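Note that the structure is predicted; figures quoted are calculated from it, not measured. Each chain gets a letter, A, B and so on, in the order its sequence line appears, and its residues count up from 1.
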Protein chains: 2
Amino acid sequence: MPRRVDHEERRTDIAEALLRVAARRGLHAVGMRDVAAEAGVSLRLVQYYFETKEKLLLYGLRHLAGRFGERVTARIRAAGDDPGPRAMIEAMLGAALPTDEESRTFHLVYTSYAVLSVTDRALAAQPFVKEPDAAEQALVALLRQAEEGGLLRPGVDAEVEAVSLLALSAGLGSSVLVGQRAPEAAAGVLDHHLDRLFR
Amino acid sequence: MPRRVDHEERRTDIAEALLRVAARRGLHAVGMRDVAAEAGVSLRLVQYYFETKEKLLLYGLRHLAGRFGERVTARIRAAGDDPGPRAMIEAMLGAALPTDEESRTFHLVYTSYAVLSVTDRALAAQPFVKEPDAAEQALVALLRQAEEGGLLRPGVDAEVEAVSLLALSAGLGSSVLVGQRAPEAAAGVLDHHLDRLFR
DNA sequence: AACATCGTGATACGTTCGTACCATAAAGAG
DNA sequence: CTCTTTATGGTACGAACGTATCACGATGTT
């Protein structure tokens, strides 16, 4: 049976199984055996490719972040070539809203991880803790660029508004996730604020 | 030894021990034995006052929500008698920001619970899921009241802004919690938006 | 052809967790 | 002064979980 196999592909398969289980039952409730069953492999295999649960977790998180990045760039590309700053901002913020199954999973698992990182310093030390920071800097740059192009209303503070938009979309995303609000309503609120910033 | 004892007081003690452990090690990691040790009682006692872990959890969550309510009203009272709508809104939103140990605990545990409720319908069915809804309605009412009093800038949509302020403070709170931002910076951003709404 | 390595399965071990059970001392009721 | 109820301690049980161990067939190398 054992042919030579692509380890990276295998790891990806297992990581996606992990994410599916996490989306269904919650990140706290996923065990090695669940992941193995979901991936259709034996427990031993999961152990073989990821020696420990923590490594599996971290790989899964990285994979999730990667998929989210692809999602954002896909959305930007879908906005045509050389889209304006507003379209790019809309692509970024819109990708983070839990609209379909994938973005719901992203939001849920990422929030779970963020909560865990507060009390677990091994997780907090991980590189993707600072991913929100990167998003913030990108947003500031986009707003500044729009400002220089005369696209913004006068008196807009790029830094404050970047922070606000990010916090807003995170908060709106959570309210959608728990079923308090429809995705469309959340998108509408975001749009309202972009209208407020842009001419 | 066994004198007649106030059960409600006992339950409160144990619930606060639960919250302390949850703040320190994360809600997912709290066990009955941890709570018992933290409260300085035997495991059996925790079982005696709360028959099951789920009941303990729910009681703890209710207790947390109650303490938060007291915190808000205390802040409102501290703003003088008959404070204006803006002061009341500031009191509400400011209480939710993780500034001291108690509000950090509140934010962390409440977020943990929200995450859990996405994948656990027993939790999702609980009454305090709709607490954000109540806060939203209160905010809308305050903004409408301010509008009628001519305190708002023209063209402000009370409903949209109420949703925005709530989502904003939730998002800002989380970023403070994970150490991305200082509490003062978050408060500053909130203030900036209140300045935007009020004359 | 012989052999070391890789991929995979089955299963066992030690721990932790929630819960259940048994015992018993103190306190109020009659 | 008995007797039932209340409050509390100690401990045991069964399940689940992460991890480790043993075994073995297939593959590539020399």
**Closest nucleotide among dT19(D), dT19(C), dG7(C) to the Arg33(A) side chain** = dT19(D)
**Spacing of Gln47(A) atom CD relative to dT8(C) atom C1', expressed in whole Å** = 12 Å
**Length of the line joining Arg10(B):CZ and dT6(D):C1', which is rounded to integer Å** = 12 Å
**Prompt:** The side chain of Lys53(A) lies closest to which of these nucleotides: dG18(C), dG18(D), dT8(C)?
**Reply:** dG18(D)
**Asked** Within the structure shown, what part of the strands sits under 4.0 Å from Val35(A) by heavy-atom distance: base, sugar-phosphate, or nothing?
**Response** nothing
**Prompt:** Would you call the rings of His63(B) and Tyr59(B) parallel, tilted or perpendicular if under 30° counts as parallel and over 60° as perpendicular?
**Reply:** parallel
**Prompt:** Within less than 4.0 Å of OP1 or OP2 of dT6(D), is there a side-chain N or O belonging to His7(B)?
**Reply:** no
**Message:** Output the rounded distance in Å from CD (Glu51(B)) to P (dA7(D)).
**Reply:** 13 Å
**Prompt:** When the ring planes of Phe68(A) and Phe106(A) are compared, do they come out parallel, tilted or perpendicular, using 30° and 60° as the limits?
**Reply:** parallel
**Item:** Interatomic distance, Leu43(A) CG vs dT19(D) P [rounded to whole Å]
**Value:** 10 Å
**Request:** Determine, using the 4.5 Å side-chain heavy-atom cutoff (strictly less than), whether Val115(B) and Leu64(A) are members of one ILVMFWY cluster.
**Result:** no
**Fill in**
When rounded to whole Å, the CG to C1' distance for the pair Asp6(A) and dG7(C) reads 14 Å
**Request:** Take atom OH of Tyr48(B) and atom P of dT24(C), then tell me their distance rounded to the nearest Å.
**Result:** 18 Å
**Prompt:** Any donor-acceptor pair under 3.5 Å between the side chain of Arg44(B) and the base of dT19(C)?
**Reply:** no
**Phosphate OP1/OP2 of dG9(C): any Ser42(A) side-chain N/O under 4.0 Å** = yes
**Message:** Without decimals, in angstroms, what is the distance between His28(A) NE2 and dC17(C) C1'?
**Reply:** 14 Å
**Prompt:** For residues Arg10(A) and His7(A), is any side-chain donor paired with an opposing acceptor at under 3.5 Å?
**Reply:** no
**Nearest-nucleotide 5' precedence on DNA chain D, Val41(B) against Met32(A)** = Val41(B)
**Request:** Would you mind classifying the nucleic acid contact of Phe50(A) as base, sugar-phosphate or nothing, using non-hydrogen atoms under 4.0 angstrom?
**Result:** nothing
**Prompt:** Which whole-number value in Å describes the distance from Leu45(B) CG to dG10(D) P?
**Reply:** 10 Å
**Asked** Got more than 12 heavy atoms from elsewhere within 6.0 Å of CZ, Arg121(B)?
**Response** no
**Prompt:** Are OP1 or OP2 of dG18(C) and a side-chain N or O of Thr52(B) less than 4.0 angstrom apart?
**Reply:** no
